[in-house]
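As structure tokens, the structure follows; a few thoughts come after it.
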Amino acid sequence: VAFVIVTSPSPQAVSEAVYFGRKLSDYGITPRGIVVNRVHALAAAPVSDDAMIATQLRSHWPAALDPTATIPALRQALSDSRAQAESDREGVRRLREHIGQSLQYTEVPAFDHDVHDLRALSELSQFLVA
């Protein structure tokens, strides 16, 4: 029998996991690992300028749409995504700092769908037993 702490990288969840880890330690119990669920991947920053991005988008979008008007929103969405990923990295760093470096850490990425069927559960299991 082993304890595994399951959390997300959000600040509140990390604080709760650290508290729970300390409580386990108070009782002489050492968890075997930590599963950090819903971790956002850090997307690469685009290296193209707006004109090149617009040219690439035009080949995929209907002619009636002007991609240049959308590029600022796309850049903002990417910036928001990268900020979330950086925040997640900080959450995992805090876990390692406060609970321990020697534990097995498993990160499960944030899926774009809920895990509520066998297919999604199978996908999730690939990260837990790899």
Side-chain angles (χ1 to χ4, degrees):
V1 173
F3 280 92
V4 176
I5 298 172
V6 179
T7 187
S8 78
S10 73
Q12 182 177 357
V14 167
S15 294
E16 291 170 0
V18 168
Y19 174 81
F20 185 64
R22 287 187 181 138
K23 281 302 192 187
L24 287 174
S25 180
D26 290 347
Y27 290 111
I29 299 169
T30 302
R32 288 278 180 103
I34 297 178
V35 174
V36 186
N37 196 16
R38 292 179 263 150
V39 177
H40 294 85
L42 182 62
V47 293
S48 302
D49 63 6
D50 288 0
M52 183 175 282
I53 292 171
T55 300
Q56 291 172 348
L57 288 175
R58 277 191 189 91
S59 66
H60 299 285
W61 285 19
L65 294 178
D66 178 16
T68 57
T70 307
I71 291 173
L74 292 173
R75 287 200 181 274
Q76 184 61 52
L78 178 60
S79 176
D80 293 348
S81 172
R82 289 178 55 83
Q84 179 66 60
E86 290 292 345
S87 176
D88 288 358
R89 283 183 174 187
E90 176 61 17
V92 172
R93 187 200 63 74
R94 280 186 55 222
L95 280 170
R96 288 183 182 271
E97 178 184 323
H98 293 290
I99 294 181
Q101 297 286 338
S102 62
L103 294 177
Q104 168 89 25
Y105 280 79
T106 302
E107 293 183 23
V108 177
F111 296 142
D112 58 357
H113 56 276
D114 290 334
V115 177
H116 65 275
D117 59 13
L118 291 177
R119 172 185 258 165
L121 196 55
S122 174
E123 182 182 0
L124 172 67
S125 73
Q126 293 176 17
F127 294 95
L128 297 176
V129 296

Are L124 and V6 linked, directly or through intermediate hydrophobic residues, by side-chain heavy-atom contacts shorter than 4.5 Å (ILVMFWY only)?
yes

Over all atoms of both residues, closest heavy-atom pair of I5 and A17
CG2-CB, 3.9 Å

Does I34 reach the side chain of Q104, with side-chain heavy atoms less than 4.5 Å apart?
no

Close side-chain approach of L74 to L57, heavy-atom, < 4.5 Å:
yes

Taking V115 as the starting point, is it possible to reach L128 by hopping between hydrophobic residues whose side chains are less than 4.5 Å apart?
yes

What I'd like to find out is whether the side chain of F111 reaches to under 4.5 Å of the side chain of E123, using heavy atoms alone.
yes

So, S122 side chain and L118 main chain: donor-acceptor pair closer than 3.5 Å or not?
no

Do side-chain atoms of D66 reach the backbone of T68 as a donor and acceptor pair under 3.5 angstrom?
yes

Hey, does V39 have a side-chain heavy atom less than 4.5 Å from the side chain of V108?
no

Is the count of non-hydrogen atoms from other residues, nucleotides or ligands lying under 6.0 Å from L121 atom CG greater than 12?
yes

How long is the straight-line distance from NE2 of H113 back to CZ of R119, given to the nearest 0.5 Å?
9.0 Å

Does OH belonging to Y19 count more than 12 external heavy atoms closer than 6.0 Å?
no

For the pair R38 and D88, find out whether any cationic side-chain nitrogen is under 4.0 Å from an anionic carboxylate oxygen.
no

When hydrophobic residues are tied together by side-chain contacts of less than 4.5 Å, even through go-betweens, does Y27 share a cluster with F20?
yes

What heavy-atom pair brings N37 and P9 nearest, and what distance separates the two atoms?
O-CD, 3.1 Å

Tell me if a side-chain donor or acceptor on S15 pairs with a main-chain N or O of P11 at a distance below 3.5 Å.
yes

Side-chain donor-acceptor contact under 3.5 Å, Q84 with D80:
no

Taking only Lys NZ, Arg NE, NH1 and NH2, and the carboxylate oxygens of Asp or Glu, determine whether E97 and R94 approach each other closer than 4.0 Å.
no

Between the side chains of E86 and R82, is the shortest nitrogen-to-carboxylate-oxygen separation below 4.0 Å, so that they form an ion pair?
no

List the atom of P67, the atom of W61, and the distance in Å for their closest heavy-atom pair.
CA-CZ3, 3.6 Å

Mind checking the CG-CD1 spacing from D50 to I71? Nearest 0.5 Å is all I need.
4.5 Å

With the side chain counted from C-beta on, respond yes when T7 and L95 share a heavy-atom pair under 4.5 Å apart, and no when they do not.
yes

Smallest heavy-atom separation, A69 atom then P72 atom, equals O-CD, 3.7 Å

So does R75 have more than 12 non-hydrogen atoms from other groups sitting under 6.0 Å from CZ?
yes

Side chain proximity check, L24 to T30, heavy atoms < 4.5 angstrom
no

Would you call L103 and I99 a side-chain contact if the rule is heavy atoms closer than 4.5 Å?
yes

Is there side-chain contact between Y105 and V35, with heavy atoms separated by less than 4.5 Å?
no

